[in-house]
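Have a look at the structure below, then the notes.
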Amino acid sequence: MSFQSGKLQGVNIREEIDRLRKERNAVILAHYYQKPEIQDLADFVGDSLDLSRKAAATDADVIAFCGVKFMADTAKILSPDKIVVLPDMDAGCSLEDSCPPEKFAAFRAAHPDHIALTYINCSTEVKALSDIIVTSSSADKILSQIPLDQKIIFGPDKHLGGYLARKTGRDMLLWPGVCIVHEAFSETELVKLKAQHPGAPVAAHPECPAHILDHADYVGSTSGILAFAKDFPGDTLIVATEPHIMHQMEKALPEKHFIGAPGADGNCNCNICPYMALNTMEKLYVALRDLQPRIEIEEGLRLRAKRSLDRMLEMAGSTVGQGDLGAR
Ligand code: 13P
Ligand code: SF4
């Protein structure tokens, strides 16, 4: 199928999406790493925790999830009676890919006295093998509720796990997964950029390696970074996470200046998440029209995965996605 930009056979895609969302009683959920045009039409834009909560609470019949597959899977696990569509089923995640369920099961079996505290960026199968799921906005709070003498496996993100271990002093066994996007930032280029903007703070996502986090004034989830962008005292902020998040900052805070942290050549687009970028307006339109591609999860697996997600929602309590800077 071929599309012209914003048009399909003379039809305005934006208008068609609006018509279909009403007709289908659909809610459009989008992550902050989505393209600006998708963020702007979504009913709700949020971080992984916010989006899970929205998916669990919605009374819509259809959830059109503009994010990556593990996020849409989470929506289906928590809202099994809803139709959940993902505009592009190939929208995966390098962290999910780094943690095959059979290898994770063997790792768990080799450490029977450890509980598995697992980042939400993983497959449904790995969630089913885990005790408690965390997001970057809830990990700290959840970890603080686990007794100090309890041994912990943390996967799949070694950088988030390492950051939590350094911050809390907890000694966790780390799965060696990484996010290819946050790995792409260059320390050398970041130091040069800081020198060009003296006094500009750096806000970084904890999926960044330690050598980037060492230069950060604030480390937190996407919603946390948005909250920091609102509150920091200066007028220029260096942002070390996927650059589409800056759309929300630029909309809500036009008087401030936001600069994406650089990759190795000082100016590359290597920190755009290639998986998130697969979703387009055209594919969202087709997903709402055809109610495909649809997330389906076998019921036994869903129930096993739901246990660890329910624990996250209980233990995260009222942790708020403070970063919603006024999406629709
Ligand atoms: P947040 O939960 O902070 O939105 O992170 C999601 C993610 O995939 C970051 O790469
Ligand atoms: Fe996965 Fe990294 Fe993309 Fe987030 S930014 S979805 S962790 S690949």
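Remember, it's 1-based here, ligands and their atoms both numbered in the order they're listed. Worth saying up front: this structure is predicted, and the values here are computed from it rather than measured.
Of the polar atoms of Thr135, none of the N or O atoms is found under 3.5 Å from an N or O of ligand 1, judged by distance alone. By the 3.5 Å distance cut-off applied to N or O atoms, His182 is not counted among the residues near ligand 1. Residue Asn121 has at least one nitrogen or oxygen atom sitting less than 3.5 Å from a nitrogen or oxygen atom of ligand 1, judged on distance alone. The N/O atoms of Ser221, backbone and side chain alike, include none that comes under 3.5 Å of an N/O atom in ligand 1. Polar contact check, Ser223 against ligand 1: no nitrogen or oxygen pair lies under 3.5 Å apart.
Ligand 1 places these atoms under 4.0 Å from at least one heavy atom of Tyr33: 7 (C), 9 (C), 10 (O).
The shortest contact between atom 2 (O) of ligand 1 and any protein heavy atom is with Ser48 OG, 2.8 Å. Annotation: atom 7 (C) of ligand 1 to nearest protein heavy atom, Glu207 OE2, 3.6 Å.
Under 4.0 Å is where a charged nitrogen must lie from a carboxylate oxygen, and between Asp140 and Lys167 at least one such pair does. At a threshold of 4.0 Å, the pair Lys54-Asp43 does not count as salt-bridged, since none of the basic side-chain nitrogens sits closer than that to a carboxylate oxygen.
If you check the side chains of His247 and Gln34, you find no donor sitting under 3.5 Å from an acceptor.
Among the backbone and side-chain atoms of Cys93, no N/O/S atom is found under 2.8 Å from atom 3 (Fe) of ligand 2.
Ligand 2 has at least one atom lying under 4.0 Å from a heavy atom of Glu207.
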